[in-house]
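Each chain gets a letter, A, B and so on, in the order the sequences are listed, and its residues count up from 1.
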Amino acid sequence: MVFRECILCSVRGTINAMKNSMVVVKKHYQRILGFIRSNKSLVLGLLFAGVLGDIFYIPASSDVRFFGLIGIYALGTRWYRLTSKVTFIICLALLGVMYVLFLTTSTSVRTERAAVWLVLFWIAGVIQQWREIK
Amino acid sequence: MKSMHKYLVFFISIILFVLPFTWYPQGELDMGGDSARLWLYSPMEYLRSTSLYTVDPIGTARVSANQYFIPHLLFLEGVSRIFGSTSVLVGMEKGLKLSLSFLFVYLLVRDVLVELSKKRKTDVAIESSAFVSGVWYALSGSVTVNMPAALLTHNQVFLNPMMAYLLFRFFLSQNPIYTWIALFVSVLYAPNFSLSAPPQLFAFYPLSVLYIIVVISVILKRSISGRRMIVPLLLFVSLHAFHLIPEVANVTNPGSELYGRAFNAGSDAMGYFNAILGLGKVSLYLLLPPVSASYAWTSVIPVFIMIIGFITTERKRLLQVTGVFFLLTLFLVSANITGLGVAIYRKLFLIPGFGMFRNFIGQWQFVYAFFYAVLFGFGLHGIFGRLKPRTTISITVICFALIIVQNWQFLNGSIANIRHQGADVRISVIMDPQYERMLGLIRRLPEDGKILNLPFTDFYFQLLGGVNKGAYIGPSTIAYLTGRNDFVGYQNMNPFPELFMEFSKKKDYISILRLLGLLNIRYIFHNSDPNIYDARFSGFPYGYMRTALPATQTEYSDFISALNAKMIHEIGPYRLYELPTYTPLFSVSDSIFIYRSPKADWHGLDSSILTDPGRSIHTTYLEKSVCINAGLPFLSCDENTSHVVSSATVAYTKISPVRYRVSVNMKDKRVILTFANQYNAVWELRDVSNHTINSSHFPVNGYANAWAVAPGEYEVEMVTQRYVTLGFWISLIGGVGFGIQGMYLMFRAWYNKRYEK
């Protein structure tokens with residue numbers, strides 16, 4: 001009898017502990033989400049820094065980075081209610097980067113990477129604009 | 001203001017058309033390059049040698065359907081007769097490209113924007129954006145860089161926007177005058193609508209027609225009547241039947257040139273794509289920098305304007321749709337957009353026929369330039385629409401000036417001073433009158449016998465000096481201007497070029513004669529001009545041949561002497577020799593040698609097969625498996641055996657290049673009759689007495705046609721030529737219908753005008 005009580009107690013305890021941890025995780029998640037939502041400039045800055053880092057510092061090309069970062073940006077456009085105008089401004093910035101790289105290094109790996117980023121953001125911008133005027 | 005724009009557009013069109021006439025001195029022709037542009041020298045000679053019959057005038061005379069040339073060459077001949085000179089064709093060819101490419105991009109951009117505008121009227125913003133995009137397109141790399149030594153299909157630079165515009169107008173107005181004009185132009189420029197150049201046809205039209213349909217139905221929200229397209233489509237098929245029917249017949253013929261081109265026989269499309277994948281530069285195609293490096297900084301402007309246009313435009317749907325097509329063609333022309341993009345591109349090659357786009361940069365660049373120009377125009381309008389007219393005009397002037405300045409060298413005629421690769425020799429030439437006389441003599445040579453053209457080149461090119469110190473490098477002038485089959489380079493001599501080189505290196509002249517005999521070569525043409533070989537062209541296009549063939553013109557003369565060739569004509573540096581012995585076009589050999597080859601052809605065979613001194617110079621070589629499959633009961637097909645054939649005589653009459661009457665006389669009951677044109681199942685031998693077709697048709701000598709025949713009278717005919725006749729009659733009927741439609745449209749226009757008054 002005592003043994004059974006003990007088992008029940010420990011099960012209840014585990015469930016409670018899990019509930020508490022869930023609440024903690026949820027709180028953390030909300031806090032992180034809140035942080036992300038309230039720090040638009042920082043997040044977008046980091047994202048753009050990631051793109052620039054990919055162009056300037058990472059020699060090997062990776063689809064995970066391309067689609068990962070553009071995917072995060074796509075989510076960002078929903079969280080922050082970014083318009084396609086912002087995406088096209090990013091395109092202009094990437095065009096500037098690609099242009100300077102083209103003039104200085106011709107069609108180097110970096111120039112090509114910048115060009116691919118520009119195309120990806122351009123596609124994102126067109127899709128976004130299409131949805132905006134639906 | 002509106003009329004001022006009209007005058008300006010008219011003025012620029014005229015300037016762009018006239019400008020190329022000032023680039024070349026009188027009589028100079030830019031007619032070299034991969035494609036034989038010798039039609040600029042003599043359209044009618046070119047037509048006679050290439051387009052009337054479905055057989056090539058070069059080398060071993062492959063089956064080839066080139067009827068698409070006919071209306072275009074007749075058009076060029078008409079122009080040259082009106083002006084009394086063929087050099088006018090060089091200016092006209094280039095002038096039309098510049099002028100019409102500008103005009104139709106301008107019209108397309110303008111009309112789309114006008115249709116979208118609230119008042120359906122043009123304004124400064126519309127006119128200016130259309131004008132700048134038109135000028136940009138006309139002077140873009142796709143038009144200008146490809147202009148020297150251009151392929152005939154390069155006319156697509158103006159045909160693409162022209163057809164797109166006419167289709168757009170037709171879909172909008174349903175007025176058949178637009179399709180009538182489009183059909184008329186399509187017949188004049190039939191090479192651009194033939195199946196022999198499928199990439200440019202299938203790269204542009206599916207995408208552009210889809211684009212126009214989307215613009216009209218989604219953006220302009222107008223309905224498109226499919227029924228109205230039936231008559232133009234039927235007229236298109238019937239008008240083009242004269243080349244489409246022979247082409248369809250040839251595309252299903254594995255031995256034809258067209259089959260090889262359409263289905264990439266002998267080439268691995270994916271392998272080719274992978275090999276050139278690194279050349280697909282996304283940044284290069286986004287910026288499209290001008291040729292002049294000092295103006296590379298201006299290359300950012302169009303892309304910048306396009307992106308700004310997406311932000312500022314009031315016609316967002318138009319920019320989005322155009323943007324989608326632009327980005328799609330950017331992907332197709334550059335290929336290197338992410339690893340996933342490359343993987344998808346590779347999968348596209350699994351689609352039957354997509355292999356024609358293996359040279360993706362060359363095939364998609366024209367379509368890309370078209371959408372680039374259109375998007376640039378719409379992007380500009382997005383900006384101009386928000387500016388005051390005066391500011392718009394100022395920016396237009398700046399853009400126009402920039403485009404002119406960055407292309408100044410081109411506009412100034414730098415194209416006429418282009419030099420050959422690795423040699424300080426201009427590509428444009430004035431034909432040497434002495435050479436023209438030699439061509440006349442070659443035309444008058446006896447019918448039988450092909451020509452070996454020396455110095456021998458690495459490709460299929462002939463090198464010919466002009467009196468202006470320029471040089472022509474391109475396909476054989478002898479073949480295309482006289483209709484006499486000649487061997488001018490490595491690629492013409494398939495399957496024997498390596499043997500030819502080996503024998504030459506070893507100075508084994510008997511074997512060379514035996515080899516030339518197999519190819520029905522009777523004459524040697526030697527251009528002994530040192531300017532086309534010795535010093536000025538030490539590399540291209542002779543680099544590989546020099547490793548085995550004579551290194552100087554003097555050595556070439558010795559080489560010909562060693563072959564015991566007799567000089568029969570000499571005009572200046574041009575010499576024509578006749579070989580002491582040769583094998584006629586139709587022959588019955590005095591012996592048959594059975595050899596074995598894994599591929600049942602000549603490739604990879606040991607040279608000893610031809611060097612055996614005991615074998616007659618007129619031996620026919622028959623592959624063992626071919627011998628067995630042909631079912632020749634009078635021959636044993638044992639390997640490495642020779643059969644001596646009793647004396648036989650063959651006489652023939654050439655009715656046309658695709659029809660011969662042959663008479664065979666001999667003691668034996670059956671012998672092998674050899675016809676020294678490239679083997680193809682479409683050659684038929686018919687017994688004249690009972691009209692039965694000889695079914696024992698097989699290849700000999702590694703390339704030639706042969707039949708087992710008994711003594712008698714025969715007719716040899718290429719059956720695909722019948723499709724040319726059939727197509728011609730269909731086109732004639734279609735042409736009559738087309739003419740009647742044209743007259744009706746003219747009458748209707750006149751009547752409506754009168755009625756309105």
Side-chain angles (χ1 to χ4, degrees), chain A residues 51 54-55 58-71 82-134, chain B residues 218-219 277-289 293-344 375 379 382:
Chain A
V51 171
D54 185 51
I55 293 168
I58 305 172
S61 172
S62 162
D63 275 13
V64 175
R65 281 197 301 278
F66 280 135
F67 294 112
L69 285 174
I70 206 81
L82 296 176
T83 59
S84 57
K85 196 174 169 183
V86 176
T87 312
F88 286 120
I89 288 169
I90 295 174
C91 285
L92 286 176
L94 285 167
L95 174 66
V97 172
M98 183 191 80
Y99 175 60
V100 171
L101 284 170
F102 183 80
L103 290 182
T104 52
T105 65
S106 187
T107 54
S108 65
V109 176
R110 286 175 182 173
T111 317
E112 281 300 286
R113 193 76 57 79
V116 172
W117 276 116
L118 168 57
V119 172
L120 291 177
F121 273 94
W122 200 332
I123 294 168
V126 171
I127 296 168
Q128 212 180 335
Q129 202 180 54
W130 190 277
R131 291 167 67 101
E132 283 166 10
I133 56 169
K134 219 171 185 179
Chain B
V218 176
I219 298 163
L277 183 61
L279 300 175
K281 301 288 184 191
V282 188
S283 57
L284 199 66
Y285 280 96
L286 272 170
L287 295 173
L288 289 179
S294 50
Y295 292 103
W297 61 271
T298 60
S299 60
V300 75
I301 298 167
V303 197
F304 180 78
I305 286 169
M306 285 178 208
I307 299 172
I308 291 282
F310 271 93
I311 300 168
T312 57
T313 187
E314 287 169 4
R315 291 158 182 84
K316 287 196 165 36
R317 273 280 184 260
L318 178 65
L319 246 79
Q320 285 157 13
V321 168
T322 315
V324 167
F325 280 85
F326 164 78
L327 291 168
L328 177 65
T329 48
L330 173 64
F331 166 68
L332 290 167
V333 78
S334 62
N336 278 311
I337 299 177
T338 74
L340 181 70
V342 174
I344 291 169
L375 185 62

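We find the CH2-OG1 distance between A:W117 and B:T338 to be 10.5 Å, quoted to the nearest 0.5 Å. With values rounded to the nearest 0.5 angstrom, A:F88 atom CZ is found 10.5 Å from B:T312 atom OG1. A distance of 12.5 Å separates SG in A:C91 from CE in B:M306, rounded to the nearest 0.5 Å.
Among the candidates A:L103, A:T111, A:L92, the residue making the largest number of heavy-atom pairs closer than 4.5 Å to chain B is A:L92. Chain B forms more heavy-atom pairs under 4.5 Å with one residue of A:T83, A:V116, A:L118, A:D63 than with any other, namely A:D63. For the set A:L95, A:I123, A:L101, A:I127, the count of heavy-atom pairs under 4.5 angstrom toward chain B peaks at A:L95.
For the pair B:L330 and A:W122, the minimum side-chain heavy-atom distance is 4.5 Å or more. At least one side-chain heavy atom of A:V119 sits less than 4.5 Å from a side-chain heavy atom of B:L286. Using a 4.5 Å cut-off on side-chain heavy atoms (C-beta onward), B:V303 and A:Y99 make no contact. A heavy-atom distance below 4.5 Å is found between the side chains of B:I311 and A:I89.
Here the shortest heavy-atom pairing between A:A115 and B:S283 reads CB-N, 3.6 Å.
In the displayed structure, A:F67 atom CZ is contacted under 6.0 Å by more than 12 heavy atoms of other residues, nucleotides or ligands.
Judged by distance alone, with hydrogens and angles left aside, the side-chain atoms of A:Q129 form a donor-acceptor pair with the main-chain N or O of B:F310 at under 3.5 Å. Judged by distance alone, the side chain of A:E112 and the main-chain N or O of B:V282 form a donor-acceptor pair under 3.5 Å.
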Trace of the side chain to side chain contact (heavy atoms under 4.5 Å, CB included) decision for A:W130 with B:V324: CA-CA 11 Å; A:W130 190 277; B:V324 167; 6.0 Å; no
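Looking at A:F66, only its side chain comes within 4.5 Å of chain B, counting heavy atoms on both sides.
Listed by chain and residue number, B:Y345 satisfy the ring-ring contact (aromatic ring centres under 6.0 Å, His included) test with B:F331 (two or more places apart in sequence, or in another chain).
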